[in-house]
Amino acid sequence: MARVEINQVSKIFADHTAVSDVNLTVNDGEFLVLLGPSGCGKSTLLRMIAGLELPTYGDIFIGERRATRLQPKDRNIAMVFQNYALYPHLSVYENIAFPLRVRGADRKLVDDKVRWAAELVGLTRMLKRKPRQMSGGERQRTALARSLVRDPDVFLLDEPLSNLDAKLRHSSREELRQFQDRVGVTSIYVTHDQVEAMGLGDRIVVMQGGSVRQIGTPEEIYLHPADTFVATFMGSPPMNLVVTGDVTLGFRPENFLPKASFADNGPVTQITFNVHRVEYLGGDRLLYGVVSGNLPETQAIARIPSSVSYSPVLNTEVTFAVANSELRRFDTASGKAIAAEASMEKRRAANG
Amino acid sequence: MTAIATRTPASLPRNRDIADMHYLASRIMLYLLAFTAVSVIGFPLFWMLICSFKPGGELYAVPPTFLPNEWTLQNYRDLFVQTNFLTYFANSLIVAFGATFLSLVVGGLGAYSLSRFRFFGIAAFSNATLVCYMLPEVLIVLPLYIYVVKLGMADTLISLIIANTAFTLPLALWFMRSYFNAIPISLEESAMIDGCTRLGAMMRVTVPLALPGIISVGVFSFNHAWNEFLFALVFVSSETNKTLPLGLATWIGQDNIYSWGMLLAGAVLVTVPVILFYLLVQRKLVVGLADGGAKGE
C-alpha cells in the first residue's frame with residue numbers, strides 16, 4: 001500500500017511529446033482512473049509508473065521512495081495488461097505462481113498464495129489449464145490473480161476490460177470494483193471508456209494531447225468540466241455548447257427540457273429550440289435540433305426521459321429551458337471554464 | 001418431402017463408399033510417393049550400411065553381391081585398431097557441440113538484441129551479417145586462416161569451433177530473431193514487473209516460447225560443424241586434432257582407396273550421432289512448433 005506522486009513528468013519520443021508536464025498525486029488506497037482518447041498519453045504515463053518507460057523529465061515517487069529510475073522489479077507494483085500477457089507455456093497455476101517463483105518463495109507459501117488468489121477470483125477449478133484453453137473473462141481473472149499473489153503496493157491496470165464483450169465487461173467492472181474495495185490497494189486504471197471511468201474511479205484524471213485537463217471525482221468532472229474538451233468528452237451525448245461572443249454556454253442534454261416541465265424551483269434560462277429528428281432509445285428520447293432565437297443558431301441535443309410526457313413537433317420553434325444552476329460558462333478563446341461561476345450560481349439559486 | 005426422406009438413406013452409404021475409396025487411393029498414392037523418395041535418398045545409406053559388413057574381397061566382386069555372403073565386423077575392428085578413429089570422433093564431438101553451444105548463446109543473445117532494442121547502427125549490423133552469410137566458405141577460409149595463425153590458434157580445435165560458429169551465426173541470428181519477433185513484448189514486460197531482470201524475463205518467458213526456433217538452429221549448427229571439411233582441412237594439420245570428415249578423407253589417396261571397408265564402417269559411425277541427435281530433438285521440435293502455433297492470445 002502506498003501513495004504515488006508524479007512530479008512534472010514529461011515523456012518526449014523522437015518525433016512527438018507523449019506526456020507533457022503532468023503533476024498528480026494518487027492517495028493511498030485510492031482507485032484513480034486515467035481517462036482520455038487514444039493517443040492522449042495515458043498509457044505512456046502508466047508505463048512510466050510501471051518503470052517500462054523512463055520519463056524524459058520529472059520524478060515519480062512510490063510510497064516514500066523515488067522510483068523514477070528504479071527497475072520495474074524493484075517497484076513492488078503489479079500490472080494487468082490489455083492483452084493480459086499470460087505466459088502461454090505455463091499452466092494457470094504456474095502463471096499465478098510466477099511472481100513468487102521468481103522471488104524464490106518456498107513451495108508451501110507458493111501453493112497457499114496461489115490457492116488464495118485463485119479462490120478470490122473464482123478460478124480454483126481451472127488451475128491445470130493452459131491460457132489458450134480459457135475464455136477471455138477467465139484469462140482476465142488469471143491476470144488479476146497473478147498480479148495479486150505478492151501484495152503489491154500499487155496496482156496498475158491498462159484497459160483490462162477492453163478485450164471482453166459488452167455484457168462480460170459490465171459484470172467484470174462490477175467485480176473489479178468490489179475486489180478493489182476488499183483488497184484496498186492503490187490502483188491506477190487506464191481507459192478510454194468514460195462509462196468505465198465514471199463507474200470505477202474514486203477520482204478521474206482526464207487527459208488530452210499529453211497533458212492533464214482535469215482531475216476530480218466523477219461528479220465534479222461531469223457537473224463542472226474544467227474546459228470545453230472535458231465538457232464534450234464526458235457524457236453521451238456530449239454537453240451542448242453554444243458560442244455567444246466571448247462566452248460559450250454549455251448545458252447537458254438531460255438538463256435541456258421543454259419549458260413546461262420546469263416547476264417553480266429556481267430561475268431558468270429560456271432557449272428557443274427547433275427539433276429536426278427524434279431518436280427513441282427506450283428509456284430516453286434524443287431530440288436533435290437547432291438552437292435559435294436570441295442565441296446564434298447551433299446544433300444541440302435534448303434528452304428527455306420517456307417518463308416525461310412530451311410529444312415533440314418537428315421543425316417548429318418551441319421554447320425549451322435550462323435551469324440556471326445547470327448552465328456552464330466557458331471562455332470562448334481558451335475554452336476554460338469561467339471560474340466562480342459555480343459558486344455564483346449557487347448563491348443566486350439560494351437567494352432566488 | 002417423403003421422396004427426399006426415402007432417397008437419402010439409400011444414397012448416403014454409396015457416397016460414403018466413394019469417399020472411402022478416394023481416401024484409400026490418396027493414401028496409397030501418398031505412401032508410394034513417400035516410398036520412392038525414401039528409396040532414392042535412403043538407398044545409398046542402406047548400401048553403405050550393408051557393405052560395411054562385407055569382407056574386403058567381396059566389395060570388389062563382379063557382379064556385386066547385394067547382401068554380404070559372409071557377415072563380418074572386421075572392418076569395424078580394423079577401424080578401431082589401425083586408425084585414430086576414436087580421436088577423430090572425439091574431436092568432431094567437441095567441435096560440433098562447442099560450435100552449437102556458441103551459436104546458440106551468441107546467436108540467441110544477438111537475435112534477442114536485434115529483435116528488442118533500437119540503437120544506432122543496429123539495422124546496418126543485421127544487414128551486414130546477412131551479407132556475410134552469402135559469402136561462400138572458400139572465400140573466407142584464407143583470410144580466416146591468417147587470423148587463426150596470427151592469434152596462435154593454428155592446429156587447434158578452438159579455431160574450428162570459432163570458424164564454424166562464425167559461419168552459422170548469421171543464420172542463427174536471423175532465424176531466432178524472427179522467432180523472438182513473434183513473441184509479444186508485453187509478456188516480457190509483465191515478467192519484469194513480476195520481478196525478473198531483463199535477462200531473467202528472456203530466460204523464463206522468451207526462450208521457452210522460442211524453443212522450436214532455438215532447436216532448429218541447434219540442429220543446423222550441429223550438422224554443419226559435424227560435416228564441415230574445408231576449415232578442418234586448412235586449420236588443422238596434426239593427427240591428434242583431425243575431425244572425422246578430414247580424417248576419413250585422408251584415407252582416400254590420390255588415385256587409389258586402400259580400404260573401402262574401413263571407410264564405409266567409418267561413414268556408418270559418422271552417421272549414427274547425427275541420427276541420434278535428430279531422434280533426441282525431433283519430438284521437442286514438433287511439440288514446440290505446435291505450442292508456438294497457438295500463443296494463447
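Numbers restart at 1 for each chain; the letters A, B, ... are given by sequence-line order, proteins then strands.
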In terms of heavy-atom contacts, does [atom1] of [X] have more than 12 from other residues, nucleotides or ligands at under 6.0 Å?
{"X": "B:Y23", "atom1": "OH", "result": "no"}
{"X": "A:F13", "atom1": "CZ", "result": "yes"}
{"X": "B:L109", "atom1": "CG", "result": "yes"}
{"X": "B:F220", "atom1": "CZ", "result": "yes"}
{"X": "A:R125", "atom1": "CZ", "result": "no"}
{"X": "A:R103", "atom1": "CZ", "result": "yes"}
{"X": "B:F229", "atom1": "CZ", "result": "yes"}

Exercise. Taking side chain as C-beta onward, heavy atoms only, is B:L187 less than 4.5 Å from A:P88?
Worked result: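 B:L187 reaches A:P88 side chain to side chain.
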Considering all heavy atoms, the nearest [X]-[Y] contact:
{"X": "B:P208", "Y": "A:H89", "answer": "CB-CD2, 3.5 Å"}
{"X": "B:G195", "Y": "A:V102", "answer": "O-CG1, 3.2 Å"}
{"X": "A:R146", "Y": "B:S190", "answer": "NH2-OG, 2.9 Å"}
{"X": "B:I193", "Y": "A:A78", "answer": "CG2-CA, 4.1 Å"}

Problem set entry | Proximal to chain A - members of residues 198-207 of chain B, heavy-atom separation under 4.5 Å |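 The stretch touches chain A at B:R204, B:V205.
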Problem set entry | chain B contact via A:L52 - which portion, at a heavy-atom distance below 4.5 Å |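 The answer is the side chain of A:L52.
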Exercise. Side chain, backbone, both or neither: which part of A:R150 has a non-hydrogen atom closer than 4.5 Å to chain B?
Worked result: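 Looking at A:R150, just its side chain touches chain B.
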For this session: Drop me the distance from A:I96's CD1 to B:D194's CG, to the nearest 0.5 angstrom.
Result: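 One gets 11.5 Å once the value is rounded to the nearest 0.5 Å.
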For this session: Go through A:Q133, A:R47, A:Q71, A:M134 and name the one with the most non-hydrogen pairs under 4.5 angstrom from chain B.
Result: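 Looking at each of A:Q133, A:R47, A:Q71, A:M134 in turn, A:R47 comes out on top.
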